[in-house]
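Each remark here refers to the structure printed beneath this line.
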Amino acid sequence: MEVKTSLLDNMIGVGDMVLLEPLNEDSFIVNLRNRFDHNEIYTYIGSVVISMNPYRSLPIYTPQKVEEYRNRNFYELSPHIYALADEAYRSLRDQDKDQCILITGESGAGKTEASKLVMSYVAAVCGKGQEVNKVKEQLLQSNPVLEAFGNAKTMRNDNSSRFGKYMDIEFDFKGDPLGGVISNYLLEKSRVCKQPRGERNFHIFYQLLSGASDDTLMKLKLDRDFSKYNYLSLDSANVNGLDDAASFRTVRNAMQIVGFMEAEVQSVLELVAAILKLGNIEFKPESRVNGFDESRVKDKNDLKEMCELLGIEQSVLERAFSYRTVEAKMEKMSTTLNVAQAYYARDALAKNLYSRLFSWLVTRINESIKAQAKTRHKVMGVLDIYGFEIFEDGDNSFEQFIINYCNEKLQQIFIELTLREEQEEYIREDIEWTNIEYFNNAVICDLIENNQNGILAMLDEECLRPGTVTDDTFLDKLNTICAEHQHFESRLNKNSKFLTDHSLPHSCFRIQHYAGKVLYRVEGFVDKNNDLLYRDLSQAMYKATHSLMRQLFPEGNPAKVNLKRPPTAGFQFKASVGVLMKNLQTKNPNYIRCIKPNDKKVAHIFTDSLVCHQVRYLGLVENVRVRRAGYAFRQPYESCLERYKMLCKKTWPQWRGPARDGVVVLLTDCSVPTEEFAYGRSKIFIRNPRTLFTLEERRRACLEDLATLIQKIYRGWKSRTHFLLLKKSQVVVAAWYRRYAQQNKYQKIKSATLVMQSFIRGWKARNILRQLKYEKRCKEAVTTIAAYWHGTQVRREYRKFFRANAGKKIYDFTIQRIMQKYFLGLKTTTMSPMDNTWPAKPYGFLEGAHTQLRRIFHLWRCKKYRGQFTEEKKAVYEEKLEASEIFKDKKALYPSSVSQPFKGDYLEIQKNPKYQKLNSAVEEVLLADLVNKINRANGKGSPRLFLLTKSNFVLADQKTGQVKASVPLPDLASVSVSTQSDGFFALKLKEGSASASKGDFLLSSEHLIEIITKLHHIGTTAADRDQINIDISDEFLVQFKQDKVCVKFIQGGPKNGNSAACKRKNNRLLEVSVPSP
Ligand SMILES: Nc1ncnc2c1ncn2[C@@H]1O[C@H](COP(=O)(O)OP(=O)(O)O)[C@@H](O)[C@H]1O
Ligand SMILES: [Mg+2]
């Protein structure tokens, strides 16, 4: 919460002189002293700030202080220069009024410090940002540069500004600084060549010599020793509390920040060095034939070095110090200079060089800091100009005259803007006004600046007048023309009422300035006003190769030779002051009146007489009087109503009707005493600042209430929206949670219900089951009982019918059952025709059927078996069958042949290439086998191939395959074999047949059964032939060619081996012993 304070809080004396009681010069000074003793160096007169120089640093310029005064009402806090700066800045920013801050006071009163404080305050409170900060920095850093070149130590001030400075700071609509323009006024250039005792030359000379590096000094051909330079005063070269070396670094740094190029800095330093060198040039007289002395440069070394620094041809400059070209009526004449004139020329050159360099610096700085934007700027001007200078011993010269003239003009502005304007406004507004007498210094200004008979005009006239002109002729002129003027005094002024004033020395005049009487010594007025620089010198300078010289001496350009005299110093100053005044008049003025408390530059000393003197010439008491008599504050009705309308219900929020009526209603409603107000035509006048503060205070409170209201509604709205959102979210969350909880609960209930239900259902079901079981048992019991009972009944009833039929039925049923079982038992028999098994007959009465069934079933399965045969297989079996018909039970060999298949061709004669010839000789071979042909002679066998075809049988050689005998089958009569298990057989031919001549064949074969069967088969199938007889006996006859031989088979012991052996017993008997089986 902001603490509301006021100027009136803890006030020492009175903070605003308007409140001073009683008001007179003494009480004024006492109040100032009182406050000064309590470190209160600022005091107001209304909105004017009086500033006492404390000569020590006070803790009142801290950033905290800046914040404290920022955006605060002027009368809210104790008086401070920041309050004025804030007021000016805010009204510039918010009300779009250009401002100027006029700082006046004696030398050493603290003007320059005040201007810096104002600038630093504005810099601190205005906008921030990279660009803005750069501009601020450049504006602030222009100060050290200008101070180095324009300030000097004087008796009154160790850092006295020796030039007047007006700086326009330009702002954009937001109040951010854009740039600035600096104007300088009348540098005290005489200081370059000569300084009063105890004072110094401009700071830069000392700074350069102490601060520059050895290297730089060498380049500038300088020596660190101050005493080597005529232009530097030596007795106070070192000033307490001033570190020239450090300042030099600061200046160089500042130049860099402001935007000076390194080369530019170098050029500037070269000029400074050149001036020091110039001061060292000395002259000696040289007698000429015409009797005049002519000046010559004594020691040319300094001249040479200076010329080198500036790039001037030495001879040109040397000549310019000895001769002078005078032009009259288009003729050029050269006159010589004497030593005094040479020194004059030298100093004039030095002064001009320095002052022009200074002006160039200002121009150069302006180039850097000038605002870029084309939009309209708001301007805050800060004027720091030397205050009244009065040297008590009458040592005031042309400079003081000019300075004091400037201060007269400023006072004029002050009077004009503050006093006269105020009174005029009262008249305009038709407000009652007790006219106050105040001194209008317009007459003094007129005395000095009047174009016809002003002092400056007369001085110019004297300077331009042909003939001998001296300061005394000028004074004479003044004495005649200004004699009547009441503010002008002179010893020779016969008509003056001050004739008796013997305090006036000769060659002096006195002007009664508004701030006091000042005695001026005329000596030097004409020269200083003339400010002559011989044309030869300016031309020599123009010719220099140094980069700055051409800019500094444009009049030296031979192409632009101008015979007209340049404007005098006085004329120039008057013109620039005129411009300045015009400029200031368009702006809203803010005053800072600086007062110095003592002459010793020390703290805590308050010299009454000195302060009184300043208070008097600043017209401060008068100022308070005017303030008090009038109204402290005025404002157009519209803006007043707009500003305070919230203080009254009738005017808030809108007043319909004339603004004046609105204000009347408003102020009546606020119950402010009527004497505090005066209603003008267009403005309301408030007598006392305090009334205004009250209104302001109320307004602020009201605004705070309004802000609170807005805040309240906004906060309410914000909280409500937040609450609604929370509520909505809560409902959603709750709904979800409830759903979840209910779902859980439901699930629990559901499962519990299910358990319970199942228990109950089980229980019920078991009950029902038990009941049903019981009922069923009852039913069963009843049924059983009933059945038995019925049975008994029925049996009892039908017993008589049963016995007759029961036997047959039981018999049929039993038979049926037995047959069924019997047939099912037959199922176990297999389908193999070889299978001889057959189930045993279960009952004797089935015997016939059982045998029949066995036969039928065997036939049927044989048929089935046969049905599977192919034609070939059938043929094989048929042969086998035939063999069995022939041999079964007749020959012992037969059983062993049953299992052997009849292959037919055992020799594979078709495939065997050996028998190819044989193969082709016979037709289709039915059988081919290897047999033994038994020799009748010894009974031994020899192997032969035996082939059987459809029509004949063939015997062939085993090795060659050559046919030995081929007998057509019809010639075969019979075949004889034994009953035994041997392989012998005899093929008997028909008697009388073609083949019979060869005799019968006795052969043995391993496949006897097959051969005989096949022979027999051919016999049975051939229609045209008789059946072949097959004799089976153990003795038969065989017809060998002529003889018949008997073959007899006997049973031999096992010693005979496995095969049967044939032996010849005698001519008619062959015995075959067959191993017994
Ligand atoms: N407000 C202040 N606080 C502390 N010292 C001050 C103040 N004003 C002025 N001074 C001292 O007084 C000296 C002279 O001030 P300055 O502003 O240069 O005077 P002016 O410009 O009026 O000749 C300064 O160098 C400084 O030491
Ligand atoms: Mg100053």
Side-chain angles (χ1 to χ4, degrees), residues 32 35-36 39-43 49-62 65-66 69 78-85 101-121 142-167 182 184-188 191 199-200 202-203 239-244 247 250 358 382-391 399-400 403-404 406-407 410 515 591-607 610-611 614 617-618:
L32 275 184
R35 288 177 67 75
F36 180 78
N39 295 330
E40 288 284 349
I41 59 164
Y42 297 113
T43 310
V49 176
I50 303 172
S51 158
M52 302 283 292
N53 187 348
Y55 280 122
R56 68 198 169 99
S57 63
L58 293 175
I60 53 170
Y61 307 113
T62 56
K65 276 280 167 190
V66 171
Y69 278 85
S78 58
H80 199 294
I81 196 166
Y82 284 171
L84 176 124
I101 293 165
L102 305 180
I103 309 168
T104 49
E106 277 191 24
S107 176
K111 300 179 297 295
T112 307
E113 291 299 319
S115 79
K116 285 193 245 173
L117 287 171
V118 168
M119 278 171 69
S120 65
Y121 179 84
S142 65
N143 268 334
V145 183
L146 290 181
E147 285 192 5
F149 286 87
N151 287 21
K153 177 205 179 288
T154 64
M155 292 298 284
R156 294 141 187 255
N157 184 352
D158 289 348
N159 184 30
S160 180
S161 321
R162 304 321 295 166
F163 67 106
K165 179 179 149 196
Y166 174 76
M167 181 169 186
I182 299 172
N184 61 315
Y185 299 98
L186 201 71
L187 180 75
E188 188 201 32
R191 185 169 294 273
E199 296 193 0
R200 288 209 313 181
F202 293 101
H203 292 324
V239 183
N240 278 349
L242 270 187
D243 181 351
D244 287 319
S247 301
T250 313
F358 187 74
V382 181
L383 180 69
D384 167 19
I385 202 150
Y386 19 59
F388 249 92
E389 270 189 357
I390 307 171
F391 296 105
E399 287 85 5
Q400 281 70 43
I403 289 169
N404 293 346
C406 180
N407 277 279
L410 284 174
Y591 293 96
I592 301 171
R593 298 306 188 101
C594 297
I595 294 178
K596 64 174 181 180
N598 60 66
D599 258 340
K600 304 184 177 70
K601 302 187 231 174
V602 289
H604 303 299
I605 292 181
F606 188 95
T607 313
L610 187 72
V611 175
Q614 294 172 71
Y617 79 64
L618 287 173

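First listed ligand is number 1; within each ligand, the first listed atom is number 1.
- Contact atoms of ligand 1 toward N159: 18 (O) (distance under 4.0 Å to a heavy atom of the residue).
- Between Y61 and Y82, the ring-plane angle classifies as perpendicular under the 30° and 60° cut-offs.
- Listed by chain and residue number, nothing satisfies the ring pair (Phe, Tyr, Trp, His ring centres under 6.0 Å) test with Y55 (two or more places apart in sequence, or in another chain).
- Each of the atoms 12 (O) of ligand 1 lies under 4.0 Å from some heavy atom of Y55.
- Considering backbone and side-chain atoms together, N157 places an N or O closer than 3.5 Å to an N or O of ligand 1.
- No part of K601 comes within 4.0 Å of ligand 1, judged by heavy-atom distances.
- Listed by chain and residue number, K116 satisfy the salt bridge (Lys or Arg N to Asp or Glu O under 4.0 Å) test with E113 (two or more places apart in sequence, or in another chain).
- Using a non-hydrogen distance threshold of 4.0 Å, L58 does not register as a contact of ligand 1.
- Taking each heavy atom of R200 and R191 in turn, the nearest pair found is O-NH1, 2.9 Å.
- The heavy-atom pair separating I595 from Q614 by the smallest distance is CA-OE1, 3.3 Å.
- Nearest heavy atoms, K111 versus D384: CB-OD1, 3.5 Å.
- For the side-chain contact (heavy atoms from CB on, under 4.5 Å) criterion with I41, the lone passing option out of P597, P79, P54, C594 is P54.
- Heavy-atom separations between D158 and ligand 1 are all 4.0 Å or longer.
- For ligand 1, the polar-atom distance check against G110 finds a nitrogen or oxygen pair separated by under 3.5 Å.
- Contact analysis puts A109 in contact with ligand 1, with a non-hydrogen atom separation below 4.0 angstrom.
- Between S160 and ligand 1, not a single N/O pair is under 3.5 Å apart.
- Of all the heavy atoms in G164 and I385, the pair that sits closest is CA-CG1, 3.8 Å.
- Each of I81, I50, I592 was evaluated against Y42; a single residue qualifies, I81, per the side-chain contact (heavy atoms from CB on, under 4.5 Å) test.
- The distance from the Mg ion (ligand 2) to the nearest N/O/S atom of N151 is not under 2.8 Å.
- Protein non-hydrogen atoms do not reach within 4.0 Å of atom 27 (O) of ligand 1.
- D158 and K601 get closest at one heavy-atom pair: OD1-NZ, 2.7 Å.
- Here E106 has backbone heavy atoms under 4.0 Å from ligand 1, and that is the only part of it that gets that close.
- For S57, no nitrogen or oxygen atom sits less than 3.5 Å from a nitrogen or oxygen atom of ligand 1, counting backbone and side chain alike.
- Distances shorter than 4.0 angstrom occur between a heavy atom of G108 and an atom of ligand 1.
- Not one N/O/S atom of S115, from backbone or side chain, sits under 2.8 Å from the Mg ion (ligand 2).
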